[in-house]
Amino acid sequence: MNPSLEQLTADYTALAGQVETCDFALKGYHLSVAVPSNQVVAAAEIADRAGFSIDAVTGVDWIAQNEMEVVYDFFHFTSPLRVVVRTRVPRAEPELPTISAVFPGANWHERETHDFFGICFTGHPNMKPFLLPEDATFHPLRKDYQP
Amino acid sequence: MMKFLTIEPVRVLLYLVGIIAFTAANAAYLVLAERKGAGRIQRRPGPNEAGWAGILQPVADGIKLLAKQVMVPPGTDSLLFRAAPLMVMAPPLLCLAVIPFGDTIVACNLNIGLLFVFSFGSINVMALMLGGWASRNKFAIISSARVVSQNVAYEIPMLLVVITMLMVTGTMNLGEIVRQQAGGFWHWNLLKVWVNPFMPVTFIIFFICMLAETNRAPFDMAEAESELVAGAFTEYGGMGFGVFFMAEYANIVVGCSLATILFLGGWQSPIGVLSGGWFGAAWFLVKLYALIFTVIWIRWTFPRTQFYSLLNLSWKILIPVSLVTLLLTGVMMKIL
Amino acid sequence: MNVTKETLHLATAGDAPQETFVLNLGPQHPAAHGVLRVLMTMDGEWIQRAEPIIGYIHRMHEKMGENRTWAKFLPNTSRIDYLSAMHYTHAFVGAVERAAKIEVPLRAEYARVITSELNRISSHMVWWGALLLDLGGFTPILYAFDDREKILDLLEALCGARLTYCYYRFGGLYNDVDDAFLKGTRDFVKHMQPRLKMYRDLVTDNIILRKRLEEIGPISAELCRKYGATGPVIRGSGVAYDVRRAEPYSVYPKLDFKIPVYHECDSMARYMVRMDEMEQSLRIIDQALDQIPAGPFIGKVPRVLKLPVGETCYAVEAARGRFMVRIVSDGKEIPYRVKLRTPSFSNLSLYEEASRGMILPDALAMMGSLDLVIPDIDR
Amino acid sequence: MSLFSSISEVFKGFKSLLVGMRITAGQAVKPTITVQYPHQTLKMPDRFRGHLELTIDPATGQTKCTACGLCVRACPSDCIDLDGLKKEGEKRKSVSKYEQNFTQCSLCGCCVDACPSDAIQYSKDYNVVSFNRDDFGKMDLFRKAEIKKQDWLKAHPQPPAPVVPPPPTTPAAPAPAPEQKQP
């Protein structure tokens, strides 16, 4: 069941997302989708239905815009297709729902993102400190972090 | 002088000292032999710094182990924890007392030698179990549970095999068993295929069971260092560990001696010449160390078996096969 | 023989109170390959829940990427997974080259393929030896290291380092591949064929190993998909996913090689995939040695490297699976964000679900077949 | 599984064990492959990356370093500390202090790549041990280079008298100097 680019584009556009088709040779992915933060679970479900696998979940701290970006990478086992779903949350209150119910593999990635950026994934089953020490109160990948 | 040596108390004392020395020297130097053998197989020289070609390595190891404090971790049953190393060393020493090294070289010529060896040989599993249980360590407890079930499972085919041999030889006296195999290797029980065509199979079963009983690789469930750290010995340090380690080798010596006596003709010369007296002892040792070398060779070749396939091997293959050989031997003996 | 409680007909139900205990496997445990800690809730020898706890050698490579220039981050990439350092450097230089549109000369690309595949073989050899060590076989690791040493000697003579090579540079290589290296590699390929047969006779066909690995630790393709497991794990579950084919990079499209796939989903399948991969890597090296052209080994690279604003991804097939680098640049000399997506991380994350109900030795055999490198997980 | 196939499986398994034992026995009679380290040593390949050392121009016996500081800027782990001063009568600066913090060095080779005058190279010294942390924390490469200079002077017994004429020949930097250049 190889997904088609058009179908995916249509699905994500229906999700109030801004879909951008990219040149793989320049970017390293085919489809970049920006969705509102409350739509990430639906976006993940679309990827799940299309047979994608979770690659990574990570964050980027855009301190100038006072926003944090959460990036979900999906890759496909059988078709050479890569989709990037991104969403932005305000820096002051970085919260968005977890997709670990859709992709259990996102569990660890989200814990890591929580550690590094302090982004809270609501509904996450096991939001414990992960890579950082248990008593760490800092989020090292935030741009205003001073060691 | 010779007369003085044959006085019973002196003789017993001499044999006691001799057996302890033999066991200790074997345990110490088999460790070196094992490490050297492993080195050969893995194409490296093995320990070679202490003395010429590492000949003093066991001494160095012994001094190191002796100099270490024996730690008794808090929460352990300290009496059992200390007693287990003593209990593990006693059975092989006792068993060696009835093993005939030569025609006349035996500490105690017991008529029920075979029974004696097996009854005392089974105690050593208890020591491992107690040691593991007393150390109050989760790995050690898993290990001691494994050791018990493994030894129970392998005692059965081993004893079935021994009963087969008992039927063939008709005696439990180890010296008598050897004497029956006199005159050339074709008289050995191993090759007495006219008594039982499955005789080599019997030997292989005995050998496998001996490996399992002595917790040697590929059946080393007691230690299983990649799963259970050091198994039952996890909490032991210094000479406590050292004694367990030595007992393992002492048990191998006993097991291989028994295999030599039961199947390979004990002190009998394989070609008929150069037999008797000290030559006999020499032949015995040659056969014994050849078997021990095979044990070492096996250890450094195979991965460890999984615990349940180990039990499966015993219950599903070894016990049925040994029962069949037992039956066949009975039938053959009745016919012939 | 996959032993579960059901196959042994043990009383799992019933009113008898079941006592469980927690076994703390690691962070210093012989089977944990480094500092992995697995908190196992055990029912006897059965695992009820095995929760990997990681972070013991976390080094925050991603933050290190944010406070040094692109070129200065290069040595770090070989230290994420020290066993397949070449692949990791490849991904990072690939990402930067893709973003800065740097042309790489063909000779450099072929040299990258040769060294990458050598590195893959050496990494699989460590895995092979370590797996056998987990299973209690001590000799294979020394045979494997004997052969691996030949690879390391070759690479040392080539770039001066044995493990953390840092051999690839933006636009090419650190220094040219010389004839001695090419000849040595050819000799190695010839030497390796009979050795692989020896490995097969000694270990792969061994009945004890087969009993330890066959039908142990099944991981279905669907489980892999949900967790993002890649590399030999997914290929052992019957999916022919290989980044070298799915997202072709370097000169791999010009080379002819097979992707070994096994459909059994068990530990033995993963084992066989890696053994076959070593053979395929030898094939790739052989072809690349025939095809490597003369020419420069490094392209034109600006002296002060500034990447255009935007983000770029680059994925390679490392020895353990898909390794992806995502770099975000804000036009300055130093990266804005470097994300390292490592294969062992995803491969381990399915362990909790896959190991449920297994017994301890099987679970450890399965952990060995996942081929974990802990610094790769912790980064 | 039928009885017959299980029996044949047992035999096949047993045979595989014997094959394994034959292989280990075959390996056991082959010579050892190890190097007994303190007694035997290996020769390091030409490209081996040890710690840094300052090169000496074989023509003049002077260090080639001009203390330009490019290596310091190229170093990912900030482990190079150098200082240069301009001697009288010379056009360029020459190095007067060169310290490498070897405890932090990752041996990546960026500094050697960056050096415009081939003034630094890797030593083939792999056996680096010391009782003193500062021997590595502040590895004084300049002093080592001075020792080498002395050796050079001993090997080239020139009268030190012509101090005034040499300046045109002494500028030790931009000459191509193909001595240790790696391809």
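The figures that follow rest on heavy atoms only: side chains count, while hydrogens, waters and symmetry mates do not. Residue numbers start from 1 in every chain, and the chains themselves are labelled A, B, ... in the order their sequence lines are given, proteins ahead of strands.
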Honestly, is C:R270 close enough over C:Y262, meaning NZ or CZ under 6.0 Å from the six-membered ring centre and within 45° of the axis? no

Assert top hit (heavy-atom pairs under 4.5 Å, partner chain A, pool C:Y56, C:Y249, C:Y227) equals C:Y227

Taking the six-membered ring of C:Y241, is NZ or CZ of C:R225 closer than 6.0 Å to its centre and within 45° of its axis? no

Is chain A contacted by the side chain of C:A95, its backbone, both, or neither, given a heavy-atom distance below 4.5 Å? neither

Under 4.5 Å from any heavy atom of chain C - which part of A:I63: both

Can you tell me which portion of C:A315 sits under 4.5 Å from chain A's heavy atoms? Options are side chain, backbone, both or neither. neither

Could you tell me which portion of C:R326 (side chain, backbone, both or neither) has an atom closer than 4.5 angstrom to a non-hydrogen atom of chain A? side chain

When you measure from the centre of the six-membered ring of C:F345, is the NZ or CZ of C:R379 under 6.0 Å away and within 45° of the axis? yes

Side chain, backbone, both or neither: which part of C:L350 has an atom under 4.5 Å from a heavy atom of chain A? neither

Does A:K27 make a cation-pi contact with C:Y314, if we ask for NZ or CZ under 6.0 Å from the ring centre and within 45° of the axis? no

Checking C:T230 against chain A: side chain, backbone, both or neither under 4.5 Å from a heavy atom? side chain

Is C:K226 close to chain A through its backbone or its side chain, or both, or neither, when contacts mean heavy atoms under 4.5 Å? both

Considering only heavy atoms, which portion of A:R86 lies under 4.5 Å from any heavy atom of chain C: side chain, backbone, both, or neither? side chain

With only heavy atoms counted, which part of C:E51 is less than 4.5 Å from chain A, the side chain, the backbone, both or neither? side chain

Looking only at heavy atoms, the pair that brings C:R341 and C:S346 closest together is NH2-OG, 3.2 Å

